[in-house]
Each structure stands twice: as C-alpha cells, then as structure tokens.
Amino acid sequence: MSYINREREDSEEEFLLNFMVNIILKDGTKKEYDKGTSVLEVAQNLSSGLARVACAGKIDGELVDLRIPLNDDCNLEILTFEDDGGKWAFRHTGAHILAQAVKNLYPDVKLAIGPAIQTGFYYDFDIDKHFTEEDLANIEDEMKKIVKAKYDIETFTLSKEEALKLMADEPYKIELINDLPEGEIIRFYKQGDFVDLCAGPHLLNTKAFEAFKLLSTAGAYWKGSEKNKMLCRIYGTAFSKKADLKAYLERIEEAKKRDHRKLGKELELFVIMDEGPGFPFFLPKGMLLKNNLIEYWRELHQKAGYKEISTPIILNKELWLTSGHWEHYRENMYTTIIDEMDFAVKPMNCPGCMLVYKSKLHSYKDLPLRMGELGLVHRHELSGALHGLMRVRNFTQDDAHIFMLPNQIKAEIENIMKLIDEVYNAFGFKYRVEISTKPEDSIGEESVWETATQSLIDAMTELGYDYKINEGDGAFYGPKIDFKLEDSLGRTWQCGTIQLDFQLPERFELEYIGSDGEKHRPVMIHRVVFGSIERFIGIITEHFAGAFPTWLAPVAVKVLPISDKYAEYANNVADQLNEKGIRAEIDYRTEKIGYKIREARMERVPYIVVVGLEEQETNTVSVRSRQKGEEGSFPLNEFINRVESEINTRFNYHTNITNEFSK
RNA sequence: GCUGUUAUAGCACAGUCGGUAGUGCACUACAUUGGUAGUGUAGAGGUCACGGGUUCGAUUCCCGUUAACAGCUCCA
C-alpha cells in the first residue's frame, strides 16, 4: 500500500510549492508533470484515445486508481482492458454494478464481497431467497439501466468511525472495516446512490460496462470458511468489446463438448455407477488407454533409474499409527476389521514403501534409491467434491519414493523437475508451479521444515522457474512443489507433486550405513508425475478432445471391409497390423461403407482403412487419416511402416493434430 | 460435507394442469453385398432413482434418502 502512504505523507506537504515529478513510461520515455497530476491526466496528455480506454494505472508495479495523484518520481503504466490490472478494475466495477442492481431490486440484501476473478467477477449476498434464472435476467436488466445512466464513479476516504457509521446497516462491511489494520486508509466508491467499501481501483463511469453477462449462482461461505454462513454468490463475466464476450461464451460451449465425462461415455473409456460413487469402472477402451500410459511411464522410469515395487492395499493400524496417518489423515481413510484387528485401506503408498526400504540393510553406495509404485489408493473425498475422473475416491498414483543422502536432495529434485517437464511438454501442456509450506496440522520440528522448504525454493530458483507460494498448504509431513494443469474450462488440477520428507524416515527409523561404517538417517522425497492416472486421463481426454495421438489411442486403425466378401482380407490386414503392435479393429457389420466411416470418425480413430476387391487384388489399403482425410491407396506394408514409426516416435507426431475434434 | 438444481428405456431427451408413458440413436430380426460422414421394414425394451405421505387413484403434489450437475470447502 505504498502509494496510499505516499498520498498521506504528501497531503501534509500540500502547503509547499508545487514540485515537478519525473515519471518513466512503459516504453522507457521520461516525462515531467506538475506534482499532483493524476494518472488519468497523464493518460489524457499522452493521447485522448488512451485516456478513453484506460481502466487503471500501475505505479512502480502497484495497481492504482486513475484518480490517484502522482506525488513522487515513479515508473508509470496506463492499463487498459488488455492488461491484467485493467481487466481487474473493469470487472471489479462490474461487481459493484451487480451489487447496486441487486440492492435496487432487493433492498434488504446484505452485501458481503465482490471481487474480479480470472474469468469475470462475482458478488456474495446475504439474502433469504435464492436467485433463479429469471432473477438473473431481471438483475441483468437492472444492471443495464445502471450502465445507461452513465453514473460517474467517485471515490472518497473516511476515518474508521465515519466508515462504521456509514456502513451501519451492512454487518459484513462492518466486519471487514474492523479487520483492517490500524491506520489503513478506508476507501469507498460511489456511483449514483450506491456506496461500497472498496480499495479500488475502478473505472471512472459505469457507461463503459456494456459487454457483460451473468452466468450462474452458487453458494459460497463467508470468508471461504465452512464454519461461516453460506451466502448466495452471483457469477458474471465482462469484456471491453461485445465481440469478445460472444467469443468467450462460445468458447465455454466448445469446452463443454470436450468434457471428459461426456467423451468418456461416448468413447466408452470409463463409467461411474451409483453403486460406487467416486469409484470409476474402466471399460476396455479406457483400459487400453490406461495401459498405454503406464507402458510409457515404465519406459521413462526405467531410463531414469527407478525400480518398481508393489505394496498391499490393506495394512494394519499399527503401520498407520507409525506413519501419522491414523492421527492426521483418519477422516479420509477407509478402515476395516480383520480377525478382530483394525486395518486401513491405504490412502497413500509411502508407509508400504518404508517397509520395503526396511526389509534390507542399505549402504550409502545404494543411494539415491528410487522406488516407483503404481499404487492404487483410496481416499474418502467429500461427496460434493467428486468430479468425473478428475476427483475420485480410488485412483492409481504413479508414485515413487526416493531415499538419499542430504547432499543429494537438490540434484534429485532437479532430476524430477526435468522428468515432469519432459512429460508435460511431450503432451503439449502448459503448467503452473507452486510451493506449499507447513500446514497447521503437521508433524516435525520447525527448523527441519525450514531447511526442507528452503531446499525446494533453491532448486526452483536454480532451474529458473516462476512459482507461487501457498502458505500452509503442504502435506502434514513436509513441504511440496505442486504442478497444476488446466482443463478445458480453465479450471486447474493438481497433477505432479514433489514432496520433501524428513519425518517418515525418522518415524520409521530408516537407516543406511555410511562410509564411516556408522548408521545414518536417509532423506526422502515422495513424487508423482501424472499425479493420478485417472486424473491424467481426464485431462488428456479434454486436451486432445478425445482424438488421442496414435500411440495412445485405444484403437489405432479401424479396418472397414466394403462387404463381407472381403472379411478375410480385412482379417489379414488387421493381423499384420496387430503383429507389429498396432491396435487394429475390424467393423464386420453389413452396413454401408459411408455409415461405417461415419462411426469410425465419431470414435476419433487415427486411421481408417477401407478394403474391397481392388485392395484385395493389389494387397493395398485405402487410407483415411484423422489428420488429412482421404489419402488414397497405399501398399499394405508401406502403411504398416508408416503407422509403426509414428507410434514409436510417440510425441513427435501429436503436435500436428488438427481436426474438428481438437479445436 | 454445505448452498442450489436435477433424476423418465443402454444413451440423448419429450411428456403427463394427478387416471401407470413417447421420439431419436443404440439393440434384435428380415431384406439389402455396398467405394469414403447416417439403407429400408418390422420388433423388443421402462414398477417414470429409492422409501414414506396426501389422494378413490401418484411417474406427476409434499417429506426423506441416494446419486448426478454448478459453485463453496477440500485435494492426486
């Protein structure tokens, strides 16, 4: 809040002579203005066009209102809707217009908060009713009136006492005011007769807010805590141009078409039944996909020096007490009684792996020891959190635990970062990285946590990653680096994670014999690359819109005989393909060829080959590829070589996929 | 788990202002033996999610349960 402080300090100096301020613009130009010139006035001076579309400013990297006077030399940027900060101010103004409209229509409503978000804005209301679609339409109309009224948006500040008095009828605002640190400027924005507590920035007038739409309503807890009252939230989105709004709404519709739950059903990959909420069934096609991923994973990890193990799904209570899960993860665990003793279904693979480590004596020469496990874990997730394959109650983690000497930590983390980067890039994913620190409910010494967290930060810095810190979001046994991938609607899902753990080796009293002949404690890393095979399948299904690259596709080639006279030749073709490890299927049905092609295309099969009399006589196939459409006839062995090399090169090919299913 | 919405054939959906239900695709049979995005005809398939209540009568109205969907919270 440095600009606010500047504003205050300087107001005491107002008696002094007007000084000039030197500002440096985004393009590096230096300009001189009278002290007290506002950001807006600078914009107007630069160009009236810029001033018209300006939404906010940025002083020395800090987002500010256009009305803010410049009192010190600084770097200044004028932000429009095209800039993140400008977009934020624009949409935040939308939240205020929404609140004003709701207040006009429902005077008894109590206002909570209403920020801009990545996809638009929302406002939380405390009201006895719930908003229907019809209500949303009415509110939208009311918002349009406010926009048409072209209210100037003004801002002012008040002392705490005055602010509390002004907001006397708004209990949530009072709570917010009381939560502000002592001495903080309490700022308000006003448009027409609507006043809201807000740090800003905002637009100058409501008239610019034309291209918007209210999208949905939802329940949301006050201050995001499930202990608090649930409020009614209205979501909306807005753009500076109507065409952009239209394009965005169309994009949402497009994204729905590639929802993995819809495609999973259509492509017969998986089903989730009422009999097992959150427990997916994999169908033959989904199983092929899953096994293809696993095969890739095994190849990758073998090269990277991992050894694969498998540990039991059910283990006794004693083990979970030792690991700390019984105390810290109990509510997510499924338990059972066997021979009158307590057992738990594993929610994580680590304790089992600990036992494997302890099953023999290790020398420092064995380290780092990288033990992978495709472990099936079960976790009781809240019913409302379940979401197709993205959030399930049993899933296969592509887990690995790495035991090492303390001086091997950085190198190992870097190895894993590179491995994850290789895999995500291969699929063409963009991802975000976050570091999560010590949570409230945790085990182990503070100093150990600090060392662990620092070594994660060091590795990230060394590799030049941009990362965000999530305070208090770590696992109960250690800090972690999380890798987040986006789904088709822009929601992010945690996939890869690297977790440093000094606790479990301690609890399980793991040891290795050092070069000094003495026993020492190894350090451990937990890590996953896909995260869970299930979630990853969900994400790649949406990413490829079901048109999986040939190496992954459940069926690589669909053979379509023109009629059953050519079934034998079709068999011959499919056999030769399958012999080379190319998954081929034959559609024997006595349907018209056009019909069979249509169905095969709906299945997103990479290659369709049509065989009839002509092909049989010349030992050729008529090829139709997903990428290029009808390609004509090729000798069978030429086609086989082509597909075989495409599968072997895996990712070198998929980036070219362009067809109506992958837009 | 919380707030809201929803639940009709394998799938996508109509419908019944309370008198036990239809369309398309898929499925089965027959005919059609075909050349790059949907062949024709016929047939079979549903205690209208489950449990209560109101009613002469409930798939329809009310309550509860379960599940799904959107969001919140939580997470791989």
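Any value given below was found using the heavy atoms of this structure, including those in side chains, with hydrogens, waters and symmetry copies removed. Note on naming: letters A, B, ... go to the chains in the order of the sequence lines (proteins, then strands), and numbering restarts at 1 for each one.
Within the 4.0 angstrom heavy-atom criterion, no nucleotide atom of any strand lies near A:Tyr122. Residue contacts shown for A:Lys480 are limited to sugar-phosphate atoms, with no base heavy atom under 4.0 Å away. Within 4.0 Å (heavy atoms only), A:Arg233 reaches sugar-phosphate atoms of the nucleic acid but no base atom. Among the atoms of the strands shown, only primed sugar atoms or phosphate atoms (P, OP1, OP2) are found under 4.0 Å from some heavy atom of A:Arg261. Backbone-only contact: A:Lys265 has heavy atoms under 4.0 Å from sugar-phosphate atoms and none from a base. Using a 4.0 Å heavy-atom distance criterion, A:Val377 is classed as making no nucleic acid contact.
In this structure, a donor-acceptor pair under 3.5 Å is present between the side chains of A:His526 and A:Asp501. In the model, A:Tyr607 has a side-chain atom that pairs as donor or acceptor with a side-chain atom of A:Glu646 under 3.5 Å. For A:Tyr172 and A:Asp126, the side-chain atoms include at least one donor-acceptor pair closer than 3.5 Å. A:Asn349 and A:Gln397 share a donor-acceptor pair across their side chains, judged by distance under 3.5 Å alone. For the 3.5 Å distance criterion, the side chains of A:Arg233 and A:Tyr235 qualify, holding a donor opposite an acceptor. With no hydrogens or angles considered, a side-chain donor-acceptor pair links A:Tyr588 and A:Asn571 at under 3.5 Å. Under the 3.5 Å distance criterion, with hydrogens and angles disregarded, no donor-acceptor pair is assigned to the side chains of A:Glu615 and A:Thr620. Side chain to side chain, A:Thr437 and A:Lys480 fail the donor-acceptor criterion of an N or O pair below 3.5 Å. There is no side-chain donor-acceptor pair under 3.5 Å between A:Trp320 and A:Glu327.
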Please list, pair by pair, any protein nitrogen or oxygen found under 3.5 Å from a nitrogen or oxygen in nucleotides 4-7 of chain B.
residue: B:U5; atom: OP1; partner: A:His130; partner atom: NE2; Å: 3.3

What's touching nucleotides 32-35 of chain B from the protein side, N or O pairs under 3.5 Å?
residue: B:U33; atom: O2'; partner: A:Lys565; partner atom: NZ; Å: 3.1
residue: B:U33; atom: O2; partner: A:Ser563; partner atom: OG; Å: 2.8
residue: B:U33; atom: O2; partner: A:Asp564; partner atom: N; Å: 3.4
residue: B:U33; atom: O2; partner: A:Asp564; partner atom: OD1; Å: 2.9
residue: B:U33; atom: N3; partner: A:Asp564; partner atom: OD1; Å: 2.6
residue: B:U33; atom: N3; partner: A:Asp564; partner atom: OD2; Å: 3.2
residue: B:U33; atom: O4; partner: A:Asp564; partner atom: OD2; Å: 3.0
residue: B:G34; atom: N7; partner: A:Ile562; partner atom: O; Å: 2.8
residue: B:G35; atom: O6; partner: A:Leu613; partner atom: N; Å: 3.0
residue: B:G35; atom: O6; partner: A:Glu614; partner atom: N; Å: 3.4
residue: B:G35; atom: N1; partner: A:Glu615; partner atom: OE1; Å: 2.9
residue: B:G35; atom: N1; partner: A:Glu615; partner atom: OE2; Å: 3.4
residue: B:G35; atom: N2; partner: A:Glu615; partner atom: OE1; Å: 3.3
residue: B:G35; atom: N2; partner: A:Glu615; partner atom: OE2; Å: 2.4

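Rounded to whole Å, the distance from CD on A:Glu599 to C1' on B:C11 is 13 Å. As a whole-Å value, the separation of A:Met230 CE from B:A70 C1' is 12 Å. When the P atom of B:C75 is taken as reference, atom CE of A:Met333 falls 16 Å away, rounded to whole Å. Taking atom CG on A:Leu267 and atom P on B:G10, their separation rounds to 21 Å, with Å as the unit. Rounding to whole angstrom units, CG of residue A:Leu389 and C1' of B:A68 are separated by 15 Å. For the pair A:Leu263 CG and B:A12 P, the interatomic distance rounds to 13 Å; values are reported in whole Å. Atom-to-atom, CD of A:Gln494 to C1' of B:C75 comes out at 7 Å; the value is rounded to the nearest Å. A:Asp399 places its CG atom 11 Å from the P atom of B:A76, with the value rounded to the nearest Å.
One finds no side-chain N or O of A:Gln397 lying less than 4.0 angstrom from the OP1 or OP2 phosphate oxygen of B:A76.
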* Asked: Reading nucleotides 40-45 of chain B 5' to 3', which nucleotides get B (base under 4.0 Å from a protein heavy atom), which S (sugar-phosphate only), which -?
  -> ------
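Using a 5.5 Å limit on the distance between ring centres and a 30° limit on the angle between planes, the aromatic ring of A:Phe395 counts as stacked on the six-membered base ring of B:A76.
For A:His325 and A:Phe476, the gap between ring centers is short of 6.0 Å. Within the 6.0 Å centre-distance limit, the rings of A:Phe131 and A:Tyr106 are counted as a close aromatic pair. The distance between the ring centers of A:Phe427 and A:Phe536 falls below 6.0 angstrom.
The heavy-atom pair separating A:Ile582 from A:Ala556 by the smallest distance is CG2-CB, 3.9 Å. Between A:Thr396 and A:Glu534, the shortest heavy-atom distance links the atoms N-OE1, 2.8 Å.
B:A7 and B:C50 are spaced 14 Å apart, taking the P atom of each and rounding to whole Å. Straight-line distance between the P atoms of B:C72 and B:C13: roughly 24 Å, to the nearest whole Å. Rounded to whole Å, the P atom of B:A49 lies 15 Å from the corresponding atom of B:A12. Comparing the P positions of B:G51 and B:U66 gives a spacing of 15 Å, expressed to the nearest Å. For the P atom pair drawn from B:A26 and B:G19, the interatomic distance equals 33 Å after rounding to whole Å. Taking atom C1' in both B:A58 and B:C17, the straight-line distance is 14 Å, to the nearest Å. Rounded to a whole angstrom, the distance from the C1' atom of B:U16 to that of B:A21 is 8 Å. When the P atom is compared between B:G24 and B:A14, the two are found 16 Å apart, to the nearest whole Å.
Within 3.5 Å, a donor on the side chain of A:Arg535 pairs with an acceptor on the base of B:C75, or the reverse.
A:Arg598 pairs by the salt bridge (Lys or Arg N to Asp or Glu O under 4.0 Å) definition with nothing, not counting sequence neighbours.
Along RNA chain B, the nucleotide closest to A:Ser216 and the one closest to A:Gly224 are compared, and the more 5′ of them pairs with A:Ser216.
Consecutive Watson-Crick or G-U pairing (both distances under 3.5 Å) extending over three or more pairs maps onto RNA chain B as B:1-7 with B:66-72, B:10-13 with B:22-25, B:27-31 with B:39-43, B:49-53 with B:61-65.
At least one side-chain heavy atom of A:Leu98 sits under 4.5 Å from a side-chain heavy atom of A:Met143.
A parallel orientation is assigned to the rings of A:Tyr123 and A:Phe125, their planes being inclined by less than 30° (bins at 30° and 60°). Using cut-offs of 30° and 60° on the angle between ring planes, the pair A:Tyr424 and A:Phe483 is perpendicular.
Listed by residue number, the members of residues 380-388 of chain A with any heavy atom below 4.0 angstrom from RNA chain B are A:Glu381, A:Leu382, A:Ser383, A:Gly384, A:Ala385, A:Leu386, A:His387.
When the options A:His380, A:Arg379, A:His378 are evaluated for a side chain to side chain donor-acceptor pair (under 3.5 Å) with A:Tyr334, the one that passes is A:His380.
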